[in-house]
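The structure under discussion appears below in the form of C-alpha cells.
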There are 2 protein chains.
Amino acid sequence: MTEAKILLEERGIRPTQQRMAVLRYLRDNRNHPTVDTIYSSLHDRMPSLSRTTLYNTLRLLSSAGLALSLTIEGDEIRFDGDTSDHGHCKCRRCGGVFDFPLPETLPLDLPDGFLGESVHIYAWGTCRRCASLS
Amino acid sequence: MTEAKILLEERGIRPTQQRMAVLRYLRDNRNHPTVDTIYSSLHDRMPSLSRTTLYNTLRLLSSAGLALSLTIEGDEIRFDGDTSDHGHCKCRRCGGVFDFPLPETLPLDLPDGFLGESVHIYAWGTCRRCASLS
DNA sequence: ATTTTTTTTGTAACGGTTACAAATTTAGAA
DNA sequence: TTCTAAATTTGTAACCGTTACAAAAAAAAT
C-alpha cells in the first residue's frame, strides 16, 4: 500500500489512480510546479489524464490539506506537496521558487478579535545563482 | 496641485486624468478593491474610462511603487494604495481583507545567498465581526 | 496652428479555468 | 464473479478576466 493511498484514505478520499498519481508527484517533486508542469509530467505515464481531472484533483488535495496552492503572483498558481510550515521566495530574474524555514513562533499582530488559522509568506529578490551571474 | 499629480510627476509619469483618478481612488479607499470595484466606482465620474486603461494604469502604478497588487488567492487580484510595510489577513467567511502591522524587523531566514527585497504576508482566519455572528 | 508623440479607447483575441453530459471506473451486493 | 449503483474521469464547449492591437483622442512640442 503506497503512502499516497494511505494519505487519501485517512481523509476519506477515494484513492483513484489519478489522485494517487498527482499526490505522489507533488510529494516527490518539491519544485513548486504549475498545473501545466504537473500535466506534462504525468501525461507520459497516464496519457488519459485530463486537465479537468487535474484541476479538480488539485483543488481536492488543497482543501484536504494535502497540498498548498501558492499564489505568489497573480498570473500563475504553483503547488506544493510539502504542507509543513515554511515560507517561499521567488527570484525576480529566473522565476525560481525556493523554500525557507520560518521561526517556531511568528508573532503576528493580527487585528483585534481576528482568529488566525494559517499564514503564507512570500519574499522576492535575487537567488544566489542569479546574483553570482550578474 | 493635487497629491496624486505630485506623486506621479515625482516618478516621471505623466499625470493624465485617468492616472490621477485611479491613484486618488486607491489612496482614498483603503478597502483593497478589485479591478471591478475600482472600475465601477470611477465609472460615475469618468464614464469614458476603459478597462484597458484601468489595467494598464494599475500595472503602471504597481511597478512604480505607488500601489501594491495583492494575490491573496488565485482567483482575484486586489490593490492597495498603502505601500508601507504591513500584512494582510482575509476572513474565510465574509471575504474581507484587513491590514495588520508588521514588526520593525521581521527576521526571515532566507536561503543562503538569496538577496531579499520585499515580502508579502497573508493570513487567513475569521474576522471579529464574523466570529461574533457564529 | 501644425505636427509629432503619447495616451486612451473599444473590439477582438487569448488563455487559463470551469460547467456539463457522456463514458468509464470503482465499490459493494448478490 | 457478475451485476448494479454511485462516484469519478474525460473531452468539449463555455466562461471570464486579461491583453493585443489599431484607430481615435489628447497632450506636448514646434
Side-chain angles (χ1 to χ4, degrees), chain A residues 1-2 4-25 32-64 66-67 69-79 95, chain B residues 1-2 4-5 7-9 11-25 32-64 66-67 69-79 95:
Chain A
M1 183 114 94
T2 74
K5 188 171 185 180
I6 296 172
L7 287 168
L8 290 168
E9 288 179 339
E10 280 176 351
R11 286 161 181 77
I13 299 171
R14 288 201 185 173
T16 64
Q17 295 301 317
Q18 289 84 348
R19 290 169 179 171
M20 287 192 288
V22 173
L23 180 53
R24 209 178 297 126
Y25 179 87
H32 312 94
T34 63
V35 173
D36 274 345
T37 304
I38 302 171
Y39 183 78
S40 304
S41 301
L42 292 182
H43 202 261
D44 295 336
R45 295 170 162 270
M46 188 176 273
S48 77
L49 180 70
S50 71
R51 282 197 153 79
T52 298
T53 296
L54 182 52
Y55 279 109
N56 288 340
T57 302
L58 289 170
R59 183 144 31 99
L60 184 68
L61 296 179
S62 296
S63 61
L66 289 170
S69 89
L70 310 176
T71 56
I72 307 178
E73 252 135 16
D75 59 352
E76 69 174 13
I77 301 178
R78 288 166 172 263
F79 292 88
Chain B
M1 183 115 94
T2 74
K5 187 171 185 179
L7 288 168
L8 290 168
E9 287 179 340
R11 286 161 180 78
I13 299 171
R14 291 202 183 169
T16 63
Q17 294 301 318
Q18 291 82 349
R19 290 168 179 171
M20 286 191 290
V22 174
L23 181 53
R24 209 177 299 127
Y25 179 88
H32 312 95
T34 63
V35 174
D36 274 345
T37 303
I38 302 170
Y39 182 77
S40 304
S41 301
L42 293 182
H43 202 260
D44 295 337
R45 294 170 163 272
M46 189 175 272
S48 76
L49 179 71
S50 70
R51 282 199 152 77
T52 299
T53 297
L54 182 53
Y55 279 108
N56 288 341
T57 302
L58 288 170
R59 183 145 28 101
L60 184 68
L61 295 180
S62 296
S63 63
L66 288 171
S69 89
L70 310 176
T71 56
I72 307 178
E73 251 133 18
D75 58 354
E76 68 173 12
I77 301 178
R78 287 164 173 263
F79 292 88

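Side chains are part of it too, since the values below use all heavy atoms of this structure and drop only hydrogens, waters and symmetry mates. Every value quoted in this text rests on a predicted model; they were computed, and no experiment measured them. So you know, we letter chains A, B, ... as the sequences are listed, proteins then strands, and number each from 1.
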Tell me: [atom1] of [X] to [atom2] of [N], nearest whole Å?
X: B:Tyr55; N: C:dG10; atom1: OH; atom2: C1'; result: 15 Å
X: A:Asn56; N: C:dG16; atom1: CG; atom2: C1'; result: 14 Å
X: A:Leu54; N: D:dT10; atom1: CG; atom2: C1'; result: 13 Å
X: B:Asp75; N: D:dC15; atom1: CG; atom2: P; result: 19 Å
X: B:Arg59; N: D:dA20; atom1: CZ; atom2: P; result: 7 Å

N/O (side chain, [X]) to phosphate O (OP1/OP2, [N]) under 4.0 Å:
X: A:Arg14; N: C:dT25; answer: no
X: B:Ser50; N: C:dT9; answer: yes
X: B:Gln17; N: C:dT8; answer: no

B:Thr52 side chain: which of D:dT18, C:dT17, D:dT19 is closest?
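Closest of the options to the side chain of B:Thr52: D:dT19.
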First encountered from the 5' end of DNA chain D, between B:Pro15 and A:Ile13:
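Comparing both residues, the 5'-ward one is A:Ile13.
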The single option from B:Leu61, B:Asn56, B:Thr57 passing side chain to side chain contact (heavy atoms under 4.5 Å, CB included) against B:Arg59
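Output: one option passes, namely B:Asn56.
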Starting at the 5' end of DNA chain C and moving along, which residue's nearest nucleotide shows up first, A:Thr16 or A:Val35?
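Nearest-nucleotide comparison on DNA chain C picks A:Val35.
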